[in-house]
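The residues of the chain are indexed from 1 along the displayed sequence. Just so it is clear, the structure is predicted and the values come from calculations on it, not from any experiment. Every heavy atom of this structure was used, including side-chain atoms; hydrogens, water molecules and symmetry mates were not.
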Amino acid sequence: MPEVFFTADSHFGHKMLVKDKLRPFDSIEEMDEAMIDRWNELVGNHDVVYHLGDLSFHPTLETVKIIGRLNGQIRLVKGNHDHYKGLVTQNFQWYMTYYEIKKLEGATLAHKIVLCHYPFETWNGCHHGTWHLHGHSHGSLNTRPNIRRLDVCVEDHEYRPYHYDEILEIMQTRVHEPVDHHR
């Protein structure tokens, strides 16, 4: 059975993250290589990785080369910086703007998971235990402790993907308190 991972906001090749010292790397090459190495230390060739947007700032051919170096079957949920066509999208198992996981390979799933690049305050089934995984905010949200939402950005996880079991452990500590009419 394949292992399952989640990540977001790798921003391979994003010059400003290095230039403005928003990440602890001295060059784009160092950042890219560190993230590729950390990804491949965890993810095997047959594993599944849900990448929740903003994969790369490199031009098409460089992006394709990076994807080719990453282990696993990548399923990309489109972020605000992902404007891929043709050659790049052929390297993903699929490429969508929103996705709901109802069955998870390699794990017992007692709940659904809503995937989107953007964080939601409320989402489909949140009051029935559905989780929401996202990116976009780079760990900057003050997430309420009683919400089953998690930013899976690389900055919050040592520039590597989260394993499903790590997320399960986090979510088991949270009891969702809806903020909408589903009280």
query = Taking the six-membered ring for Trp, are H134 and F120 ring centroids under 6.0 Å apart?
reply =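 Here the rings of F120 and H134 have centres that are no less than 6.0 Å from each other.
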Check: H136 ring centre within less than 6.0 Å of H81 ring centre =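 Here the rings of H81 and H136 have centres that are no less than 6.0 Å from each other.
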Can you classify the ring geometry of [X] versus [Y] as parallel (below 30°), tilted (30 to 60°) or perpendicular (above 60°)?
X	Y	result
W39	H51	parallel
Y162	H157	parallel
H11	F57	parallel

What are the two closest heavy atoms between [X] and [Y], and how far apart are they?
X	Y	result
K21	F25	NZ-O, 4.3 Å
D9	V154	O-CG2, 3.4 Å
V77	C116	CG1-CA, 3.9 Å
L150	R174	CD1-NH2, 4.3 Å
H14	M31	N-CE, 4.0 Å
G129	R148	CA-NH1, 3.4 Å

What is the distance from atom [atom1] of [X] to atom [atom2] of [Y], rounded to the nearest 0.5 Å?
X	Y	atom1	atom2	result
W123	I113	CH2	CD1	12.0 Å
M96	Y98	CE	OH	12.0 Å
S137	R149	OG	CZ	7.5 Å

Considering only heavy atoms from C-beta outward, does the side chain of [X] approach that of [Y] to under 4.5 Å?
X	Y	answer
V114	L133	no
Y159	P24	yes
D26	V18	no

Side-chain donor or acceptor of [X] paired with backbone N/O of [Y] under 3.5 Å:
X	Y	answer
D32	G13	yes
D47	Q73	no
N91	I67	no
D151	G139	yes
S56	H58	yes
Y95	Y84	yes
R75	Q93	no
D82	L55	yes
H163	D165	yes

Give the cluster check for [X] versus [Y]: same hydrophobic cluster or not, with ILVMFWY residues linked at side-chain heavy-atom distances below 4.5 Å.
X	Y	answer
M35	V152	no
L52	L168	yes
M1	L42	no

inquiry  = Does either side chain, that of H117 or that of D54, offer a donor lying less than 3.5 Å from an acceptor on the other one?
reply    =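 On atom types as modelled, these side chains qualify, holding a pair under 3.5 Å.
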task = Identify whether the distance between the nearest side-chain nitrogen and carboxylate oxygen of R23 and E30 falls below 4.0 Å.
result =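 Here R23 does not pair with E30 in a salt bridge, since their nearest N and O are not under 4.0 Å apart.
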query = Do E33 and R69 sit within salt-bridge range, that is, some charged N less than 4.0 Å from a carboxylate O?
reply =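 R69 and E33: salt-bridged.
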inquiry  = F5 vs E3, test: side chain to side chain contact (heavy atoms under 4.5 Å, CB included). Steps then yes/no.
reply    = CA-CA 7 Å; F5 296 87; E3 299 289 324; 3.6 Å; yes
ask   = Can you list the steps and then say if W131 with I170 is a side chain to side chain contact (heavy atoms under 4.5 Å, CB included)?
value = CA-CA 11 Å; W131 302 348; I170 292 166; over 6 Å; no
message = Checking one residue: L17. Which other hydrophobic residues are in its cluster under the side-chain 4.5 Å linking rule?
response =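 Members other than L17 - counting any ILVMFWY side chain reachable under 4.5 Å - are L22.
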ask   = Would E158 and R38 satisfy salt bridge (charged side-chain N to carboxylate O under 4.0 Å, His left out), going step by step from the backbone distance to the final call?
value = CA-CA 8 Å; E158 301 171 350; R38 292 174 189 184; over 6 Å; no
inquiry  = Quick one, K85 with T60, criterion side chain to side chain contact (heavy atoms under 4.5 Å, CB included). Give me CA distance, side-chain angles, the key distance, then yes/no.
reply    = CA-CA 9 Å; K85 296 177 184 170; T60 298; over 6 Å; no
